[in-house]
J.: 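Please find one structure pasted underneath; my questions will follow.
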Amino acid sequence: MTTSGARSSRFGGLGQWWGVLAGGLLIAAWINRTAGPAVIIGLSAIVLLWSFFQAPVTCGAPIRGRDDGCRNNATGLLMGCHIRQHRWQKLKMLIVRRRVRAFCSGLFSDAKATLVTLAAAGSFISGLVALVPGVAVH
Ligand SMILES: [Zn+2]
C-alpha cells in the first residue's frame, strides 16, 4: 500500500491522466462502430476503474477547521490520499447515508474532480449501453 504513493508521485503530472486517453479511445470506438461491443465494454471498464481508483483528484477528506478539507492528491474518486485515515474516507461516506450528499458535492468540488466524475459517468453509461443493447434502442 505504501509503495503506490511513491509510484504515483514519480510518474506524476500527465502520466496520471492516461484514463482520459482511454476515454478518448472509448469515444473513438463509439464513433467508429466497427470496434464492436467487446472493445467498448473493455474501455468503459478501464475508464471507470481509473476514475474510481487512479484518477488524480483532490482528497477532500474533512479536516477540523478547514472548509475545503484535505488538499492532498487522492487516487481516484473513491479513494483518499496517502494519509491512512483518509484512504477509505470516501467509501465510508458512501455507506453512511447522511454523508452521501457531502460525497456527491465533492464529486464536483473542482475542475479536475468534475472532469473525472464526467468520465466515470460517461464510461458507466457507455458500458451499460454496450452491455444491454436494448437500452440504446428506444
Ligand atoms: Zn487526505
Side-chain angles (χ1 to χ4, degrees):
M1 279 308 209
T2 48
T3 52
S4 69
R7 192 157 19 103
S8 62
S9 64
R10 200 185 318 146
F11 276 95
L14 284 176
Q16 294 179 316
W17 289 99
W18 61 266
V20 173
L21 213 69
L25 286 175
L26 177 60
I27 294 167
W30 271 112
I31 294 167
N32 178 2
R33 294 304 291 266
T34 53
V39 175
I40 287 171
I41 291 165
L43 282 169
S44 303
I46 288 169
V47 176
L48 199 62
L49 286 174
W50 171 80
S51 351
F52 281 171
F53 302 111
Q54 284 282 300
V57 292
T58 308
C59 172
I63 294 179
R64 222 188 306 209
R66 287 199 62 166
D67 288 338
D68 54 351
C70 176
R71 302 315 289 170
N72 283 334
N73 288 324
T75 49
L77 289 174
L78 296 184
M79 307 297 283
C81 65
H82 60 275
I83 298 169
R84 205 150 52 99
Q85 291 92 321
H86 290 180
R87 191 154 195 96
W88 303 104
Q89 184 72 35
K90 295 188 198 172
L91 279 176
K92 278 190 208 148
M93 282 165 92
L94 277 178
I95 295 162
V96 183
R97 209 174 350 146
R98 62 195 173 87
R99 293 282 202 83
V100 169
R101 238 178 65 169
F103 175 83
C104 291
S105 70
L107 292 177
F108 298 97
S109 56
D110 57 20
K112 276 198 295 186
T114 305
L115 178 67
V116 174
T117 303
L118 290 178
S123 59
F124 179 76
I125 293 166
S126 123
L128 201 69
V129 173
L131 272 170
V132 189
V135 175
V137 189
H138 289 285

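First listed ligand is number 1; within each ligand, the first listed atom is number 1. Numbering starts at 1 and runs along the sequence shown.
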J.: Considering residues at least two apart in sequence or located in another chain, which fulfil the side chain to side chain donor-acceptor pair (under 3.5 Å) criterion with Asn72?
T.: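 Testing Asn72 for side chain to side chain donor-acceptor pair (under 3.5 Å), a comparison that skips the adjacent residues, returns none.
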
J.: The Zn ion (ligand 1): which protein N, O or S atoms are under 2.8 Å away?
T.: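 Checking every protein N, O and S atom gives Cys59 SG, Cys70 SG, Cys81 SG, His86 ND1.
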
J.: If you take all heavy atoms of Lys90 and Thr58, which pair is closest and at what distance?
T.: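 For Lys90 and Thr58, the tightest heavy-atom pair comes out as NZ-O, 3.5 Å.
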
J.: Determine the minimum heavy-atom distance between Gln16 and Trp50, stating which atoms define it.
T.: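 Scanning both residues, the minimum pair turns out to be O-NE1, 3.0 Å.
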
J.: If you look at every heavy atom in Ile41 and Leu131, which pair is closest and at what distance?
T.: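 In this case the closest contact between Ile41 and Leu131 is CD1-CD2, 3.6 Å.
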
J.: What is the minimum heavy-atom distance between Ser126 and Ser44, and which atoms define it?
T.: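 Reported closest heavy-atom pair: OG-OG, 2.6 Å.
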
J.: List the atom of Ala29, the atom of Val39, and the distance in Å for their closest heavy-atom pair.
T.: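 In terms of heavy atoms, the two residues are closest at CB-CG1, 4.5 Å.
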
